[in-house]
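Taking it in order: structure first as structure tokens, then the write-up.
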Amino acid sequence: MKKQNKKQTRVKLERTLILLKPDALDRGVTGEILSRFEKVGAKMVGMKLLVSKKDTAGRHYRGDIAERYGKKVRDNLIKMLTSGPVIAMVWEGIDILTVVRKMVGSTYPSLALPGTIRGDYAHISKEYANANNVGIFNLIHASATPDEARIEIDVWFKPEELIKHKPLYTHYTLREED
Ligand code: IDP
Ligand code: MG
């Protein structure tokens with residue numbers, strides 16, 4: 001029998017932080033994006049509309065972004081994130097980090113498959129963004145790992161802002177007893 005890789009077998013409920021970035025609000029596609037997460041059966045446990053302070057955006061796009069892409073890209077991302085209202089949300093579900101990242105699609109819209117949010121709604125390239133000194137407008141952010149989710153949920157939400165509830169639609173998807 002194949003040995004199970006315990007690290008990859010996640011059986012508990014997970015939470016992920018999703019941001020609809022200012023371009024999603026400008027474009028008027030927030031409802032369409034939101035409905036995809038509802039349809040997959042995930043549970044929304046936190047949601048707010050706000051204009052991000054520079055400090056909050058800086059805690060969201062942390063030093064690792066500068067390490068990976070350079071300081072200029074990080075500065076542009078903070079500028080992008082603070083340029084208009086954002087919707088911050090926490091969604092809960094089984095393997096929800098992986099499921100949501102799959103639904104979001106590749107960072108670069110030209111590589112994001114049809115059916116994914118970025119594949120269906122965005123078309124900016126990395127080269128265009130960098131030549132024009134702007135962030136890549138790709139509508140949405142979703143946590144990539146459980147550690148990232150913990151940090152990011154903490155950036156945008158106080159614990160009491162996350163709601164414990166049991167919507168009926170999660171009966172078959174989450175199988176929550178009691
Ligand atoms: P992700 O959002 O798919 O997780 P990350 O690598 O974490 O992608 O990068 C965060 C965000 O930074 C991306 O969603 C995109 O908006 C932006 N970004 C990534 N690379 C570049 C770049 O080369 N120029 C400008 N913006 C970039
Ligand atoms: Mg990321």
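Whatever order the structure lists them in is the order used to number ligands and atoms, beginning at 1. All residue numbers refer to positions in the sequence shown, counting from 1.
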What is the closest protein heavy atom to [atom], and at what distance does it sit?
atom: atom 2 (O) of ligand 1; answer: Arg118 NH2, 3.0 Å
atom: atom 5 (P) of ligand 1; answer: Tyr69 OH, 3.7 Å
atom: atom 7 (O) of ligand 1; answer: Arg68 NH2, 3.4 Å
atom: atom 12 (O) of ligand 1; answer: Leu77 CD1, 3.0 Å

Mode of [X] contact toward ligand 1 - side chain, backbone, both, neither (heavy atoms, under 4.0 Å):
X: Asn130; result: side chain
X: Ile136; result: both
X: Tyr108; result: side chain
X: Lys72; result: neither
X: Arg101; result: side chain

request  = Would you check if His60 and His141 make a side-chain contact, meaning some heavy-atom pair closer than 4.5 Å?
outcome  = yes
Non-hydrogen side-chain atoms of Val45 and Val90 separated by less than 4.5 Å = yes
NZ/NE/NH1/NH2 to OD/OE distance under 4.0 Å, Asp75 and Lys79 = no
ask   = Salt bridge or not for Arg150 and Asp154, using N-O below 4.0 Å?
value = no
ask   = side-chain hydrogen bond (donor to acceptor under 3.5 Å, both in side chains) between Lys72 and Asn130: does it pass, once the steps are laid out?
value = CA-CA 9 Å; Lys72 202 166 169 197; Asn130 291 338; over 6 Å; no
task = Would you please classify the geometry between the Phe37 ring and the Trp91 ring as parallel, tilted or perpendicular, with 30° and 60° separating the classes?
result = tilted
message = Using every non-hydrogen atom in the two residues, find where Leu25 and Val86 come nearest and quote the distance to one decimal.
response = CD1-CA, 3.8 Å
Test item, [X] contacting ligand 1 (heavy atom, 4.0 angstrom):
X: Val104; result: no
X: His60; result: no
X: Ala144; result: no
X: Phe137; result: no

ask   = Do any N/O atoms on Thr107 end up under 3.5 angstrom from N/O atoms on ligand 1?
value = yes
query = Is any N or O atom of Tyr61, backbone or side chain, closer than 3.5 Å to an N or O atom of ligand 1?
reply = no
ask   = Roughly how far, to the nearest 0.5 Å, is the CD1 atom of Ile33 from the CD1 atom of Ile18?
value = 10.0 Å
request  = Rounded to the nearest 0.5 Å, what's the gap from NZ on Lys43 to OH on Tyr169? Could you check?
outcome  = 8.0 Å
remark   = Between Glu152 and the options Arg62, Arg15, Arg59, the salt bridge (charged side-chain N to carboxylate O under 4.0 Å, His left out) test singles out Arg62
What atoms of ligand 1 come closer than 4.0 angstrom to any heavy atom of [X]?
X: Val134; answer: 25 (C)
X: Asn138; answer: 13 (C), 14 (O), 15 (C), 16 (O)
X: Lys126; answer: 23 (O)
X: Lys21; answer: 14 (O), 16 (O)

query = Testing Thr30, Leu50, Ile140 for side chain to side chain contact (heavy atoms under 4.5 Å, CB included) with Ile87, which one passes?
reply = Thr30
message = Could you check whether any side-chain N or O of Asn132 sits under 3.5 Å from a backbone N or O of Tyr128, counting only pairs where one atom can act as donor and the other as acceptor?
response = yes
